[in-house]
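In what follows, a single structure is set out as structure tokens and then discussed.
Quick note on labels: first sequence line is chain A, next is B, and so on, each numbered from 1.
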Amino acid sequence: MLKIYNTLARDKQDFKPITLNSVRMYVCGMTVYDYCHLGHARVMVVFDMVYRWLKASGYDVTYVRNITDIDDKIIKRAAENKESIHALTARFIAAMHEDADALGVQHPDHEPRATQYVAEMLEMIAQLEKNGLAYRAADGDVNYAVRKFAGYGKLSGKSLEDLRAGERVDIAGNKNDPLDFVLWKHAKEQEADEVKWDSPWGKGRPGWHIECSAMGSEILGKHFDIHGGGADLQFPHHENEIAQSEGAQLHEKGSRGQYVNYWMHNGFVRVDEEKMSKSLGNFFTIREVLKKYDAEVVRFFILRAHYRSPLNYSDVHLDDAKKALERLYTALKSITPPGLPLSGEETGSPPDETTSHSTKTSKNDVQVAGYDKWRLGGVVVDWNEPYAQRFKTAMDDDFNTPEAVAVLFDLANEVNRTQSAQAAAQLKALGAVLGLLQRDPQAFLQRGAGGLDDAAIGAQIEARLAAKKARNFAEADRIRKELLEAGIVLEDTPQGTSWRRA
RNA sequence: GGCGAGAUAGCAAAAUGGUUAUGCAGCGGAUUGCAAAUCCGCCUAUCCCAGUUCGAUUCUGGGUCUCGCCUCCA
């Protein structure tokens, strides 16, 4: 049985879906005013892994990952760039999809954008006002009255008293309580029409937290199974989401319904033991890193750590991950798995083939073609086999991917030792569950474009072969050394000489 | 200041009240014309101090240090 660490309970709990055999999951996505960095990569990859494991476990999963496309930082950036909000967000949504695509992240079933759910947000704000939880402040903002919501702080483990005592809580003049947060921001004159919506409280735009409450309940219902996001969203964002979503339900049968059953939070990516973040300026964008490292190496790097642990980024660690992944591909290289449908559409289609994604369209979702190229159909895993059982046990224990990856290495050893095609098939199939190991091993090991092209390498190999035949080993070794200096490693096998990039 | 998470070998990272994690690096052997890859073997560990226990890295208490949230953040 799957156990999930639930932030709400501060403990691992048995996972029991609300509806038999189906899971509804919402993950807080990105605010699109800049390129995604490695921290965003971690959220996308981690919850992609969760999504895949739930599906592999037989659940019918509905996965929602939102896009925040209206917000202070977006408005500011658009003004700086002298471009429209729409142009800015469209650009960075496309960039985000490219990054996600490269990392083998499957397309969520729904990818709602805040600007397209303003009506639902207004509805919810109205309901909150009706329930006595929202009020209009002197400056025209509509705020949430935190102290009126019993249980505020239950997710983050904070009490209103503790928070008030905190030195970092500003006293905002327009709020009844410094901890109250904005539901609806009144329009400022200098702002573009683009960021002004009509509302019963005058022109304005939504606060940040309300979008997730509105989109979550609109698409997944008022009560769903899993809500995820980065650990920094636990407070205040997710705390406020609970206050909004559960607060809005107060009128129903007089009792407050539960919003989400399991809250999941992934750990941070760090640089030199410090959180990677925009404000610290110590971030690496995904595309920056992908110039240097293969995307699957980055994905492997993320998944070999547990999702709740901190993950330190450095070249040394990426180099390490690269070599480790090469070991797995090397094991697959010489073995042809039996004709099982392991990837693509059962036809052994190459991994770079773009398959059309099958997004279930909810009313206003973004769709981007070619997003989903690593989506795999028909993965065949023999779950009764001992390695697969270990893998499953690990994954069922709060998605213990480090342990699951360790099983992959044990399986690789088995493959190398026994040359078993079955074991190789199992390795590839289990890899697919994590979104790994689906490329042609040869292509993976020869990837990159360092200096020599294939033809030049081939010619050198031929020349060396001739030298070897003439028993001119000095010449043969000279050629090999020359190739090595160009980053090409030769491997003589009974089947002939093959090469890979170091 | 309040709240929370964590300290495992050279590096990374799991697990466990007693029995090989795993990967990278290193050492020895097999294999190879020499290599590479692979296989076999080896090395290096559980922050400190108490307590519980036959036995603690694992449980309890204290300490030290690190990190995070309390402001936008994945």
Side-chain angles (χ1 to χ4, degrees), chain A residues 7 10 27-31 36-47 65 68 71-73 76 153 156-159 161-170 179 208 228-237 239 265-270 273-280 283 300-301 304-306 308-312 314 316-328 330-331 333-334 390 394 397 400-410 412-413 415-419 445 468 471-474 476-477 480-481 484 488-494 497-500 502:
Chain A
T7 306
R10 265 152 242 295
V27 170
C28 288
M30 262 55 75
T31 301
C36 291
H37 60 62
L38 230 41
H40 303 119
R42 192 175 192 190
V43 183
M44 292 196 283
V45 168
V46 159
F47 286 100
R65 191 187 61 211
T68 299
D71 139 281
D72 289 355
K73 292 186 292 294
K76 185 163 171 266
S156 54
K158 296 177 189 302
S159 72
E161 287 65 39
D162 291 343
L163 288 164
R164 286 203 185 90
E167 293 166 11
R168 299 173 69 183
V169 176
D170 291 329
L179 292 162
W208 174 37
D232 44 6
L233 298 184
Q234 188 178 325
F235 187 89
H237 183 57
E239 196 67 62
H265 293 97
N266 66 273
F268 299 126
V269 174
R270 308 201 297 194
E273 308 298 324
E274 237 183 7
K275 179 184 171 184
M276 178 182 287
S277 72
K278 296 263 172 88
S279 44
L280 286 170
F283 61 88
F300 176 82
F301 168 70
R304 86 209 284 233
H306 186 84
R308 285 191 281 118
S309 302
L311 179 59
N312 232 1
S314 77
V316 173
H317 299 154
L318 266 290
D319 289 338
D320 186 273
K322 170 173 167 276
K323 289 190 173 175
L325 185 59
E326 280 170 357
R327 175 173 165 79
L328 294 177
T330 301
K333 188 177 76 165
S334 57
R390 277 177 58 206
D397 183 15
N400 190 343
T401 55
E403 180 67 28
V405 166
V407 173
L408 258 35
F409 282 100
D410 287 345
N413 176 265
V415 169
N416 288 331
R417 214 155 21 83
T418 65
Q419 298 291 296
L445 294 166
K468 276 176 67 173
R471 302 199 64 80
N472 183 354
F473 293 123
D477 290 352
R480 186 176 56 208
K481 196 175 167 212
L484 189 61
I488 307 299
V489 181
L490 296 186
E491 297 177 0
D492 292 335
T493 72
T497 300
S498 66
W499 63 273
R500 67 186 162 84

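- In this view, K158(A) satisfies the side-chain hydrogen bond (donor to acceptor under 3.5 Å, both in side chains) rule with no residue, not counting sequence neighbours.
- For D72(A), the side-chain hydrogen bond (donor to acceptor under 3.5 Å, both in side chains) criterion is met by K185(A), R205(A), not counting sequence neighbours.
- Across all strands shown, H37(A) has heavy atoms under 4.0 Å from base atoms, whether or not it also approaches the sugar-phosphate.
- Between R480(A) and E491(A) no salt bridge is recorded (no basic side-chain N to carboxylate O distance below 4.0 Å).
- Applying the salt bridge (charged side-chain N to carboxylate O under 4.0 Å, His left out) criterion to K323(A), with sequence neighbours excluded, gives no partner residue.
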Any N/O pairs under 3.5 Å between the protein and nucleotides 42-48 of chain B? List them or say none.
none

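- At a threshold of 4.5 Å between non-hydrogen side-chain atoms, the residues L328(A) and F409(A) count as touching.
- Applying the salt bridge (charged side-chain N to carboxylate O under 4.0 Å, His left out) criterion to E274(A), with sequence neighbours excluded, gives no partner residue.
- The side chain to side chain contact (heavy atoms under 4.5 Å, CB included) check on A406(A) picks up nothing, with sequence neighbours excluded.
- The side-chain hydrogen bond (donor to acceptor under 3.5 Å, both in side chains) test applied to D320(A) returns R304(A), not counting sequence neighbours.
- By the salt bridge (charged side-chain N to carboxylate O under 4.0 Å, His left out) test, R417(A) is found to be paired with E414(A), residues two or more places apart in sequence or in another chain being considered.
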I'd like a list of close polar pairs between nucleotides 31-36 of chain B and the protein, N/O only, cut-off under 3.5 Å.
unit_1: rG33(B); atom_1: O6; unit_2: R464(A); atom_2: NH2; d: 3.4
unit_1: rG33(B); atom_1: N1; unit_2: D477(A); atom_2: OD1; d: 2.9
unit_1: rG33(B); atom_1: N2; unit_2: D477(A); atom_2: OD1; d: 3.3
unit_1: rG33(B); atom_1: N2; unit_2: D477(A); atom_2: OD2; d: 2.5
unit_1: rC34(B); atom_1: O2; unit_2: D477(A); atom_2: OD1; d: 3.4
unit_1: rC34(B); atom_1: O2; unit_2: R480(A); atom_2: NH1; d: 3.2
unit_1: rC34(B); atom_1: O2; unit_2: R480(A); atom_2: NH2; d: 2.1
unit_1: rC34(B); atom_1: N3; unit_2: R480(A); atom_2: NH1; d: 2.7
unit_1: rC34(B); atom_1: N3; unit_2: R480(A); atom_2: NH2; d: 3.4
unit_1: rC34(B); atom_1: N4; unit_2: D492(A); atom_2: OD2; d: 3.1
unit_1: rA35(B); atom_1: N6; unit_2: D492(A); atom_2: O; d: 3.3
unit_1: rA35(B); atom_1: N1; unit_2: D492(A); atom_2: N; d: 2.8
unit_1: rA35(B); atom_1: N3; unit_2: R480(A); atom_2: NH1; d: 3.2
unit_1: rA36(B); atom_1: O3'; unit_2: R500(A); atom_2: NH2; d: 3.3
unit_1: rA36(B); atom_1: O2'; unit_2: E491(A); atom_2: OE2; d: 3.3
unit_1: rA36(B); atom_1: O2'; unit_2: R500(A); atom_2: NH2; d: 3.1

Nucleotide by nucleotide, nucleotides 16-26 of chain B touches protein heavy atoms under 4.0 Å in the pattern (B base, S sugar-phosphate only, - none) -----BSBBS-

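- Where RNA chain B pairs in unbroken runs of 3 or more (Watson-Crick or G-U, both distances under 3.5 Å), the stems are B:1-7 with B:64-70, B:10-12 with B:22-24, B:26-30 with B:38-42, B:47-51 with B:59-63.
- By the side-chain hydrogen bond (donor to acceptor under 3.5 Å, both in side chains) test, S309(A) pairs with no residue at all, sequence neighbours left out.
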